[in-house]
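These notes are about the structure you will find just below.
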Amino acid sequence: MIEIEIRNINNDIVGTKEVPEIVFNNDASESLVHSAVVAYMANQRQGTHSTKTRAEVSGGGKKPWRQKHTGRARHGSIRSPLWRKGGVVFGPKPRDYYIKLSKQMRDTALFKAITMKYKDNEILLIDNLSLERIKTRDMVGILQNLGLQGKSVLMIVPHKDENIVLSARNIPYLGIVRAEDLNAYHLALFEKILFTVPGLDKLLAIKGVS
């Protein structure tokens, strides 16, 4: 087990927490994190892009002019790819970009990404976070106290809290994700990672780590 400091929203150390080494000191290859990020980004693609071939473009059934003795190059259709408004050669067609990774690979990639952030001193653990009202100023004040203002920050919470979500949505450098939705891509996207103790506990419980 590894001990990490627990701070409050005023950045005072209020205790420590033991966390499993498999999450904060994972020895898997960093290439697995890359694979997980690539898979996540690929799986977000809809793949609905499409172009028309010369056979699919409307019109062009009639030969524009006779084959010989016109002084012009021979053409069989005004929808040839050589023509304006003609078909597209080897253009994109709808396809599935899905990349499958096993649950074990996804979890290991997440643990390795957390390990990399932890070793770079980019993870902060706070005891709890709650707001009595929806106020962006209050959220900015908390980030200032923690020394995180102006840095890209990902906050991991145990569940969706309207006061927190609505107070954070106008802060461009702050992202919020539930523990159950966290993946390696999220961690790679932000500079600093802010865990709440309940959020970390829920993540460990969901992943079956103790």
Side-chain angles (χ1 to χ4, degrees), residues 26-117 120 122 136 150-157 159-160 162 164-194 203 206-207:
N26 195 287
D27 58 359
S29 172
E30 294 183 5
S31 63
L32 187 58
V33 177
H34 176 266
S35 298
V37 170
V38 169
Y40 178 85
M41 295 176 67
N43 295 345
Q44 302 310 300
R45 300 186 66 175
Q46 293 183 345
T48 55
H49 43 34
S50 183
T51 55
K52 291 183 178 181
T53 66
R54 63 181 296 165
E56 296 168 325
V57 180
S58 177
K62 179 183 178 182
K63 188 174 175 66
W65 50 76
R66 63 180 185 167
Q67 183 81 348
K68 295 177 179 293
H69 310 302
T70 63
R72 289 180 289 185
R74 54 194 176 188
H75 287 286
S77 171
I78 62 172
R79 297 303 181 228
S80 162
L82 302 179
W83 285 58
R84 180 173 174 268
K85 297 185 179 180
V88 178
V89 180
F90 303 130
K93 286 292 184 181
R95 56 162 292 190
D96 185 4
Y97 285 93
Y98 184 76
I99 297 176
K100 184 177 181 180
L101 288 183
S102 68
K103 182 178 183 300
Q104 182 180 4
M105 292 178 67
R106 294 196 305 269
D107 288 350
T108 303
L110 173 60
F111 298 158
K112 183 61 180 181
I114 292 175
T115 295
M116 293 166 65
K117 287 291 185 181
D120 290 339
E122 294 178 350
T136 302
K151 300 178 181 179
S152 61
V153 180
L154 178 65
M155 183 183 300
I156 294 91
V157 294
H159 53 78
K160 183 178 179 180
E162 287 292 334
I164 293 177
V165 172
L166 296 179
S167 297
R169 66 179 177 178
N170 284 334
I171 304 176
Y173 54 86
L174 176 62
I176 295 180
V177 65
R178 297 181 303 171
E180 60 197 81
D181 299 326
L182 184 65
N183 58 50
Y185 173 79
H186 294 137
L187 297 176
L189 198 61
F190 290 85
E191 180 182 356
K192 296 288 186 178
I193 309 301
L194 180 61
L203 174 66
I206 291 173
K207 300 304 180 182

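Although no hydrogens or angles enter the test, the distance criterion places a donor-acceptor pair under 3.5 Å between the side chain of Ser152 and the main chain of Glu191. A distance-only check finds no donor-acceptor pair linking the side chain of Asn183 to the backbone of Leu110 [under 3.5 Å]. Formation of a donor-acceptor pair under 3.5 Å by the Glu56 side chain with backbone atoms of Thr53 is found in this model. The main-chain N or O of Leu154 is never found under 3.5 Å from a side-chain atom of Lys192 such that the two would form a donor-acceptor pair. A distance-only check finds a donor-acceptor pair linking the side chain of Lys117 to the backbone of Phe190 [under 3.5 Å]. The backbone N or O of Trp83 sits nowhere less than 3.5 Å from a side-chain atom of Ser80 that would complete a donor-acceptor pair.
Counting heavy atoms from C-beta outward, Met155 and Leu174 have side chains that approach closer than 4.5 Å. Arg95 places a side-chain heavy atom less than 4.5 Å from the side chain of His49. The shortest distance between side-chain heavy atoms of His186 and Tyr40 falls below 4.5 Å. Looking at Leu189 and Val37, their side chains never come closer than 4.5 Å, going by heavy atoms from C-beta outward.
Once rounded to the nearest 0.5 Å, the distance linking CE of Met105 with NZ of Lys103 reads 13.5 Å. Remark: Arg169 CZ to Thr136 OG1 distance equals 8.0 Å, nearest 0.5 Å. Going from atom OG1 of Thr108 over to atom CG of Leu32 covers 6.0 Å, rounded to the nearest 0.5 Å. Between the CG atom of Asp27 and the OG1 atom of Thr115 there is a distance of 8.5 Å, given to the nearest 0.5 Å. Of the inter-residue distances, the one linking Asp107 atom CG with Lys207 atom NZ reads 4.0 Å to the nearest 0.5 angstrom. With values rounded to the nearest 0.5 angstrom, Ile176 atom CD1 is found 8.0 Å from Ile171 atom CD1.
Lys160 NZ: 12 or fewer foreign heavy atoms inside a 6.0 Å radius. Counting heavy atoms of neighbouring residues, nucleotides and ligands inside a 6.0 Å radius, atom OH of Tyr98 exceeds 12 of them. Annotation: His34, atom NE2; neighbour count of heavy atoms from other residues, nucleotides and ligands within 6.0 Å does not exceed 12. By the 6.0 Å contact criterion, CD on Gln46 is open, its count of non-hydrogen atoms from other residues, nucleotides or ligands being 12 or less.
Residues Ser35 and Leu101 approach most closely at O-CD1, 4.0 Å, considering heavy atoms. Nearest heavy-atom pair, Val57 versus Gly87, reported as atom, atom and distance to 0.1 Å: CG2-CA, 3.7 Å. Closest heavy-atom contact between Lys112 and Asn26: NZ-O, 3.1 Å. Scanning all heavy atoms of the two residues, the minimum distance from Val177 to Asp181 falls at CG2-CB, 3.7 Å. Minimum interatomic distance between Ala109 and Ala184 (heavy atoms only, all atoms of both residues): O-CB, 4.0 Å. Taking each heavy atom of Ala179 and Ile206 in turn, the nearest pair found is C-CD1, 4.5 Å.
Checking Leu203, Ile193, Leu194 one by one against Ile156, the side-chain contact (heavy atoms from CB on, under 4.5 Å) holds for a single residue, Ile193.
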Taking only distance into account, with no hydrogens and no angle test, what donor-acceptor pairs under 3.5 Å do side-chain atoms of residues 58-66 form with protein atoms, sequence neighbours excluded?
| residue | atom | partner | partner atom | Å |
| --- | --- | --- | --- | --- |
| Lys63 | NZ | Gln67 | OE1 | 2.7 |
| Lys63 | NZ | His75 | O | 2.8 |
| Trp65 | NE1 | Ala73 | O | 3.0 |
| Arg66 | NE | Lys68 | O | 3.2 |
| Arg66 | NH2 | His69 | O | 3.4 |

